[in-house]
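The model shown is predicted, which means the values in this text are computed figures rather than measured ones. Just so we're on the same page: letters track the sequence lines, and every chain starts at 1.
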Amino acid sequence: MPAERQTPDDWFAARGWQPFAFQREVWAAVAAGRSGLLHATTGAGKTYAVWLGALAAFGAEAAPHTVLWITPMRALAADTTRALADAAAALAPDWRLGARTGDTASAERARLDRKPPQALVTTPESLTLMLTRADARAQLGRVRMVVVDEWHELMGSKRGVQVQLALARLRQWNPALVVWGLSATLGNLATARAALLGAENAGVLVQGALPKQLLIDTLIPPSMERFPWGGHLGTRMLEPVVAEIDAAATSLVFTNTRSQAELWYQALLAARPDWAGLLALHHGSLDKEIRDWVELGLKEGRLKAVVCTSSLDLGVDFLPVERVLQIGSAKGVARLLQRAGRSGHAPGRPSRVTLVPTQALELVEAAAARQAALARQVEPREPPTKPFDVLVQHLVSMALGGGFTPDAMYAEVHSAYSFRALTRAEFDWALGFVEGGGLSLAAYPEYHRIARDEAGVFRVPSVAIARRHRMSVGTIVSDAMMSVSWLSGGRIGSIEERFLAYLKPGDCFVFAGRVLELVRVQAMTAYVRKATKTRGVVPQWGGSKMPLSSELAGASLQMLARAHAGDFAEPEIAALRPLLELQERWSALPTPDRLVCETFRSREGHHFLCYPFAGRMVHIGLGSLLAWRAARDRPGSFSISMNDYGFELLSAEPVDWRGLIDAGLFSPAGLMDDVLASLNASELARRRFREIARIAGLVFTGYPGAPHSARQVQASAGLFYEVFRQHDAANLLLVQADSEALEQELELGRLRAALDRMSALPLLLAAPPRPTPFAFALMVERLRESLSTEKLHDRVARMLRELEAAAGPASPA
DNA sequence: GACCTGCTGCGGCCTG
């Protein structure tokens, strides 16, 4: 006898819960066959809203693969499946659930293939792989509904584009496909919905507005006199952090970088040896087994604190965390809200995050972050525009997955939001590129990846190409990493080749919270043993830079404006008052209504400082641009340094900055040409091309267990870059590399906005007697890039003058 | 009166 089917109302009643209004709204929409985006800041309510709707709408029809549930992390798949199964047991007892990700065991895969479950939890990559099967349509042609969890995480990246394209395919097969996205902490919901639902599908937008109490406070340094003006490590705050951890049952301590996590872990253990075994470390370069152990420890409440990076941003929904500490700037409001949400993760419990500044100006940022977070000024995420590398990969995938005809495929791709402006000519270029390798690769059969059969359908003609393609599906590109393993066996994690290149056998380094001695390096693996020493170098991984978001930068300027107006009500600003007043006395505080620049002289030379608060990427661009413009007519040499608040140009010779500014130094006119001339834009584009070549399937990174080294991958990507530049300059992958370099590395749009603002605002050009507090932060960041238009003999002449000056009678400092 | 930067995410082969 079949089990009784419950309704969503029954299900809630059985638990003694009252459904929220937004939950009803969602399941009614699903029942009506409508798609949509559900945005809310708490997790469980969202999952049940969509899932109960799906079960109520489709539960009676027990067809295989009725619902696909996409999660961006494999680690979430098991928990999600369990949660879904619980509700399915009540509403659709005859449904089976399954999970399929890269680490699904082969026996389970076979079982899933033989007898597909009604609902499958999977990742974007695994879904694409399913779509590359010859029988994809038979398997997935009748999918009724797709739910994309954590859509805000995916939508701004090429992974999100991959999801868009997979959905476009499923929609082609089933035009009535219902698609739902679940999102949190996002500033541009309308775009999120459009990107998920395709260019033409409007769908509903549901706000799951649960009032969530949010507490953001700051650990004020005990002694501001001794608190650093620059730096980012923050170990000066060790004692207060120890006290906070001590007072709570469990804490997460977020840091911005993996090396910072390693250092803080060491420092905390040194301060509290009795916490050995209660304190853990978690970041993306540690082996999965270690991370699993840490996550389990948190779940079971065995751990007092975990020092981590964004590796624990997602996926700890069910973990009992009492306190969240954020060391250093969170850089963005969305990230801060995300991390705050790691604590008090239950309806009715407040989320709390405590900010730990690492240097003086971060106190301003902390107060600003609180204001912006409470006002929910959350950063938008923009879907990529026409990423040709993803398109090229997709065409091969679809040729594998049953094949396609050009007209139909153009229409399908065009229906995806990121390709809504794709022209037929661009599509035909991509098609020609995968068919014949384009202008420069025509002679190489391995780049003739698809071919038209007698019926005019494009397919992949070679088994070898098919295999290689399936092994390279996806858009996540990471640098070649070396495994770190015990000499006695067992993997600890991974580390950059570049870092290990500096070490020789016998050297010690700190990793995974221990001091390790390098024994030997062999086949992309570094073999280590426990070191007898207690100190070692801490590896640095070459992650990408995280600039301060516009939202947070703007809020910081607002906060400074309040201080300028004499408002020191925020505790962080009160603590910083002496320093801010010093800045005001010697120079001025930057505010939204004025631009502050400073010039002064030191033994190092002539300094020019400017504080646009546009984030470090833009400041790199601004610094190089202004240095180039200032030096255009007159050879000179500038050293550039920058941080998130401003930049500094240092020159040996005095410069008439006022005159240059009056003559249009900040003018946005001719920006593009000047940027291209002032920066090594082609080097940036070449770097971007490495990723593009990998995604487009030009570069193979090796078989699992036998990865190619970074040098190999780099060399072959570089080769393609050169060949295309010379013989195929109109190659759209090159065009993409250029535009990615400009938009993502240089943030050209933000750079232009900064120049517009700088040239419109009243300028306050101060000549302080000494480096101001704002200047100091920049001076200790000293020198990443230098730009020299100076001829060699000029430099020699200058050095001679300096020597003479130094040899002469000492002048008072 | 100053040193400590740089995240995350997935997938996959061949062994007569």
message: What is the separation between atom NZ on A/Lys331 and atom C1' on B/dT8, rounded to the nearest whole Å?
response: 17 Å
task: Quickly work out the A/Phe254 CZ to B/dT8 P distance and round it to whole Å.
output: 11 Å
CD (A/Glu289) with more than 12 external heavy atoms under 6.0 Å: no
- prompt: Do A/Thr358 and A/Glu362 have side-chain N/O donor and acceptor atoms under 3.5 Å apart?
  reply: yes
- prompt: Does any donor-acceptor pair link the side chain of A/Thr309 with the base of B/dC7 at a separation under 3.5 Å?
  reply: no
field: A/Gln359 CD to B/dA2 C1', straight-line distance once rounded to whole Å
entry: 11 Å
message: Under 4.0 Å from OP1 or OP2 of B/dC7: is there any side-chain N or O of A/Arg339 that close?
response: no
- request: For residues A/Glu598 and A/Pro768, report the shortest heavy-atom separation together with the two atoms involved.
  value: CB-CD, 4.0 Å
field: Closest-nucleotide 5' rank along DNA chain B - winner of A/Ser157 and A/Gly234
entry: A/Gly234
- request: Taking all non-hydrogen atoms of both residues into account, name the closest pair between A/Pro771 and A/Trp586 and its distance.
  value: O-CZ3, 3.5 Å
task: Flag the pair A/Tyr611 / A/Tyr645 as yes when their ring centroid distance falls below 6.0 Å, and as no otherwise.
output: no
Contacts under 3.5 Å, N or O only, protein and nucleotides 10-13 of chain B:
unit_1: B/dC10; atom_1: OP1; unit_2: A/Arg74; atom_2: N; d: 2.6
unit_1: B/dC10; atom_1: O3'; unit_2: A/Thr123; atom_2: OG1; d: 3.4
unit_1: B/dG11; atom_1: OP1; unit_2: A/Gly102; atom_2: N; d: 2.6
unit_1: B/dG11; atom_1: OP1; unit_2: A/Thr123; atom_2: OG1; d: 2.8
unit_1: B/dG11; atom_1: OP1; unit_2: A/Ser126; atom_2: OG; d: 2.7
unit_1: B/dG11; atom_1: OP2; unit_2: A/Arg74; atom_2: NH1; d: 3.1
unit_1: B/dG11; atom_1: OP2; unit_2: A/Gly102; atom_2: N; d: 2.8
unit_1: B/dG11; atom_1: O5'; unit_2: A/Gly102; atom_2: N; d: 3.4
unit_1: B/dG12; atom_1: OP1; unit_2: A/Arg109; atom_2: NH1; d: 3.3
unit_1: B/dG12; atom_1: OP2; unit_2: A/Arg109; atom_2: NH2; d: 3.2

field: Nearest heavy atoms of A/Pro383 and A/Ala195, plus distance in Å
entry: CG-CB, 3.9 Å
- prompt: What is the nucleic acid contact for A/Phe227, judged by heavy atoms within less than 4.0 Å: base, sugar-phosphate only, or nothing?
  reply: base
- prompt: Roughly, in whole Å, what's the span from CG in A/Leu579 to C1' in B/dA2?
  reply: 13 Å
message: Regarding A/Lys158, tell me which of base, sugar-phosphate or nothing describes its non-hydrogen contacts under 4.0 Å with the strands shown.
response: nothing
message: In whole Å, I'd like the distance from the CD atom of A/Glu496 to the P atom of B/dT5.
response: 16 Å
For atom CD of A/Glu379 and atom P of B/dC7, their distance in whole Å: 19 Å
- prompt: Can a side chain N or O of A/Arg258 be found less than 4.0 Å away from OP1 or OP2 on B/dC7?
  reply: yes
task: Drop me the distance from A/Leu355's CG to A/Met237's CE, to the nearest 0.5 angstrom.
output: 10.5 Å
field: Between P of B/dG1 and CZ of A/Phe774, the distance in whole Å
entry: 20 Å
statement: Rounded to whole Å, CG of A/Asn643 lies from P of B/dC4 at a distance of 12 Å
